[in-house]
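First the structure, in the form of structure tokens, and then the observations on it.
Computation of the quantities below employed the complete heavy-atom set of this structure, encompassing side-chain atoms and omitting hydrogens, waters and symmetry-equivalent molecules. In what follows, every chain begins at residue 1, and chains take the letters A, B, ... in the order their sequences are listed.
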There are 2 protein chains.
Amino acid sequence: MDVNLRQIRAFLAVVGLGGFTRAAGALNISQPALTIRIRQLEDQIGLRLFDRNTRSVQLTRVGQELLPVFQRLMKDFDGAMADIREFSEEPRGTIRVAVLPSFAAGPLPALIADFRARNPRVSFVLKDAVGKRVLAMVRNEEVDFGIGVGGVDEPDLDTIDVFEDRMVLVYPRGHAAGELPLASVPVISQFPLVLMDKDTSVRRLVDEAFAAAGSIATPACEATYMSTAVSMVRAGLGLAILPASAIEIRGFADIATRPIDDAGFVRRIVIIKRRGSSLLPAVEEFTKVLLAAANSCATPSAPCLDVEVQDGGAEALAMGVQGQ
Amino acid sequence: MDVNLRQIRAFLAVVGLGGFTRAAGALNISQPALTIRIRQLEDQIGLRLFDRNTRSVQLTRVGQELLPVFQRLMKDFDGAMADIREFSEEPRGTIRVAVLPSFAAGPLPALIADFRARNPRVSFVLKDAVGKRVLAMVRNEEVDFGIGVGGVDEPDLDTIDVFEDRMVLVYPRGHAAGELPLASVPVISQFPLVLMDKDTSVRRLVDEAFAAAGSIATPACEATYMSTAVSMVRAGLGLAILPASAIEIRGFADIATRPIDDAGFVRRIVIIKRRGSSLLPAVEEFTKVLLAAANSCATPSAPCLDVEVQDGGAEALAMGVQGQ
DNA sequence: TGCATTAATAAACTGCACTTATCAATGCAA
DNA sequence: TTGCATTGATAAGTGCAGTTTATTAATGCA
């Protein structure tokens with residue numbers, strides 16, 4: 001008994017419109033085609049559904065009994081299809097993402113708040129983790145995708161460049177560093193430096209960049225957290241080299257930043273996905289937003305990634321984002 | 001979005017068996033056919049359901065979310081189909097039937113009890129009515145079919161002969177009538193007769209049969225109910241002429257019956273249906289039982305239509321049969 | 001009695017879903 | 001690394017289900 005949906009729809013159309021010709025019209029098929037479909041249905045269930053002659057079409061008693069069954073069936077089916085359609089049309093679900101701490105504390109929250117304001121049925125689970133953990137979590141399917149530093153070349157992972165996160169020199173406003181014609185390694189080296197801890201990716205990058213410029217980065221102070229480094233700068237302990245995207249360097253009237261005029265003081269922030277693994281539409285959508293935000297500025301730099309947080313954004317964030 | 005049940009079944013098969021080749025085997029189609037079906041499904045809902053390569057097939061997150069939806073859908077559908085199948089396989093529903101009072105009080109209850117014992121999901125609504133009312137009720141669809149006297153020739157009704165209901169002479173056991181070599185109209189006329197009321201179809205038949213034999217039926221007593229007539233016979237008031245099928249003439253040790261040896265003392269009991277109108281399978285089944293019961297005896301006569309009432313038949317009858 | 005309407009039937013056609021054959025990717029074992 | 005086995009994707013060809021157009025038969029109505 002291979003009853004099919006077209007047969008059921010045909011049955012309901014004939015019932016609803018009270019005739020084969022009319023029903024055929026509504027179904028966009030010819031009347032003979034409909035005749036055959038109804039007959040097939042009747043043959044397959046072994047029951048006559050209509051008593052029909054050229055002048056009238058009437059449900060049999062069996063048809064009357066079965067009508068609500070078929071109606072419910074089609075209603076359920078169409079309801080489920082509507083649900084599924086929503087799935088592709090309106091992003092929904094939970095987006096799990098592993099992010100470098102600097103990015104998680106930087107532009108990401110605003111982007112998430114904005115995204116959630118437009119897609120209320122999406123929630124986020126943010127996991128902040130260092131580069132290697134980000135990779136591992138993506139690979140384990142603990143998260144849908146990751147945001148980390150580029151240069152990954154794993155066979156089972158794909159990366160998409162999001163933006164170049166330049167290192168900037170952070171100095172007290174009015175400091176001589178602001179007046180320099182060039183902020184290059186040799187020049188910077190003249191000043192006491194507040195550098196990040198050896199374990200951090202920022203420090204690694206700085207060390208490598210100094211090395212590439214034939215120099216060695218010598219810290220006057222070291223800090224584990226960027227906010228500490230910033231405080232040290234404000235206290236006049238030295239100049240810091242931090243990612244332009246870092247939220248910690250913004251919001252203070254008494255410090256300023258300037259790009260460093262050396263290649264190497266840049267890291268590529270990339271989206272990391274499992275290769276050959278489909279994502280929720282909501283995730284696809286969100287990565288698009290990330291890329292759009294990054295590309296919306298000609299020279300990708302941190303302030304560019306700022307997003308206008310809509311009213312209610314903060315609450316949405318509070319409700320939808322769960323810290324790791 | 002014209003998603004199809006075969007596509008859904010294909011999806012569930014792939015999930016269940018974890019591979020296209022295996023699933024195709026289970027569905028009795030080739031593997032390329034299955035590949036196409038799944039792709040169609042994915043295209044139509046606009047979502048990728050499997051991440052697949054030549055070595056592994058894995059549900060996407062969307063697929064995981066949609067799996068229960070599809071499972072429920074197929075479960076509902078298959079459940080409904082099972083219901084429908086039962087409909088044709090196991091008779092069920094309510095059979096409404098209009099019956100001549102004599103037949104309703106005669107063999108019918110036993111037949112119904114027997115039928116219900118074998119088909120517990122069938123209930124009956126019996127309406128006893130005189131011949132014309134039976135026709136009218138069939139025509140109005142007040143009942144599914146009728147049991148009445150033959151000779152109906154209406155264009156919108158079909159009749160099926162069930163059996164010949166012979167009139168029998170009812171006399172007190174030991175009465176001279178039992179010894180007669182021939183029970184014909186002239187002989188019968190010699191005795192005082194208990195006849196049915198003028199309004200009854202039995203009386204009409206008796207009057208016509210007497211007339212055909214060149215005689216006139218002259219009652220010594222008249223009765224409206226057959227049970228009254230039988231009592232009169234038992235009281236020695238005369239001989240009665242009653243349908244052999246009448247239950248009222250049975251069960252008494254002190255009366256006996258014999259056929260009347262004249263043509264004309266017979267009426268055809270027929271099933272009356274609307275022409276071109278389908279009946280519930282249960283009704284079809286029951287009419288078959290009626291005919292079978294009638295045909296099971298070479299010379300159709302009342303005792304033949306007796307049916308062994310199974311244990312529980314009486315209760316079933318009490319529960320399922322509603323008087324008019 | 002003729003006309004209009006409607007479902008059934010016939011015949012021809014179209015296209016879709018299927019099959020077979022083949023390819024390409026991948027994992028595994030030697 | 002190489003060869004083999006397995007598996008999903010693709011290509012090409014085929015058959016049949018479903019469709020259309022044309023026609024018939026039945027029926028109600030003027």
Side-chain angles (χ1 to χ4, degrees), chain A residues 1-45 48-60 63 139 154-158 274-278, chain B residues 1-44 47-60 63 139 154-158 274-278:
Chain A
M1 182 159 69
D2 185 20
V3 174
N4 92 39
L5 292 175
R6 291 192 307 178
Q7 292 166 350
I8 297 177
R9 276 190 227 277
F11 170 71
L12 295 178
V14 173
V15 173
L17 298 172
F20 280 59
T21 304
R22 274 183 297 281
L27 295 166
N28 286 317
I29 59 172
S30 66
Q31 168 263 314
L34 178 59
T35 294
I36 291 171
R37 245 185 234 184
I38 294 291
R39 188 170 41 223
Q40 284 177 336
L41 177 60
E42 288 177 330
D43 288 350
Q44 274 165 358
I45 68 179
R48 189 160 203 77
L49 295 170
F50 295 106
D51 284 322
R52 46 198 186 274
N53 54 43
T54 57
R55 299 310 294 177
S56 78
V57 174
Q58 264 199 321
L59 275 174
T60 60
R139 194 175 279 120
E154 309 279 346
D156 57 341
L157 298 178
D158 276 333
R274 287 181 293 284
R275 190 184 296 266
S277 168
S278 315
Chain B
M1 182 159 69
D2 187 20
V3 174
N4 181 324
L5 291 175
R6 289 190 307 179
Q7 292 167 350
I8 297 177
R9 275 190 228 277
F11 170 72
L12 295 177
V14 174
V15 173
L17 299 172
F20 280 60
T21 303
R22 276 183 298 280
L27 295 167
N28 286 315
I29 60 173
S30 66
Q31 169 264 314
L34 178 59
T35 294
I36 290 169
R37 253 190 226 182
I38 295 290
R39 187 168 44 220
Q40 284 178 338
L41 177 59
E42 289 177 329
D43 288 350
Q44 276 164 359
L47 296 166
R48 189 158 205 80
L49 295 171
F50 295 106
D51 283 322
R52 46 197 186 274
N53 53 43
T54 57
R55 300 311 294 177
S56 79
V57 174
Q58 263 200 323
L59 275 176
T60 60
R139 194 173 279 123
E154 309 279 346
D156 57 340
L157 297 177
D158 277 333
R274 286 182 293 285
R275 188 185 299 266
S277 168
S278 317

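- Between B:N4 atom CG and D:dA17 atom C1' there is a gap of 14 Å when expressed in whole angstrom units.
- Between the CG atom of A:D2 and the C1' atom of D:dA17 there is a distance of 13 Å, rounded to whole Å.
- For A:Q7 and D:dA17, the CD to C1' distance is 12 Å, given to the nearest whole Å.
- Atom P of nucleotide D:dA9 and atom CG of B:D51 are separated by 11 Å, given to the nearest angstrom.
- Here CZ of B:R22 is found 13.0 Å from CG of B:L27. Values are rounded to the nearest 0.5 Å.
- Rounded to a whole Å, the CG atom of B:L34 is 13 Å from the C1' atom of C:dA17.
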Apply side-chain contact (heavy atoms from CB on, under 4.5 Å) to residues B:I36 and B:Q40 and explain how you reach the verdict. CA-CA 6 Å; B:I36 290 169; B:Q40 284 178 338; 4.1 Å; yes
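- Contact record, B:R139 with B:L157: NH2-CD1, 3.6 Å, taken as the closest heavy-atom pair.
- Counting to the nearest Å, the P atom of C:dC16 and the CZ atom of B:R6 are 13 Å from each other.
- Between A:F20 and A:F50, the ring planes lie perpendicular to each other; the angle is over 60°, past the 30° to 60° tilted range.
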Counting primed atoms plus P, OP1 and OP2 as sugar-phosphate and everything else as base, spell out the protein contacts along nucleotides 6-15 of chain C at 4.0 Å heavy-atom distance: B, S or - for each nucleotide, 5' to 3'. BBBB------
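- Remark: C1' of D:dT14 and CD1 of B:I29 are 17 Å apart, rounded to the nearest angstrom.
- To the nearest 0.5 Å, atoms CG (B:L34) and CG (B:N28) are separated by 12.0 Å.
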Would you please test B:I38 and B:L49 for side-chain contact (heavy atoms from CB on, under 4.5 Å) and show each step? CA-CA 8 Å; B:I38 295 290; B:L49 295 171; 5.6 Å; no
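- Rounding to whole angstrom units, CD1 of residue B:I38 and C1' of D:dT10 are separated by 17 Å.
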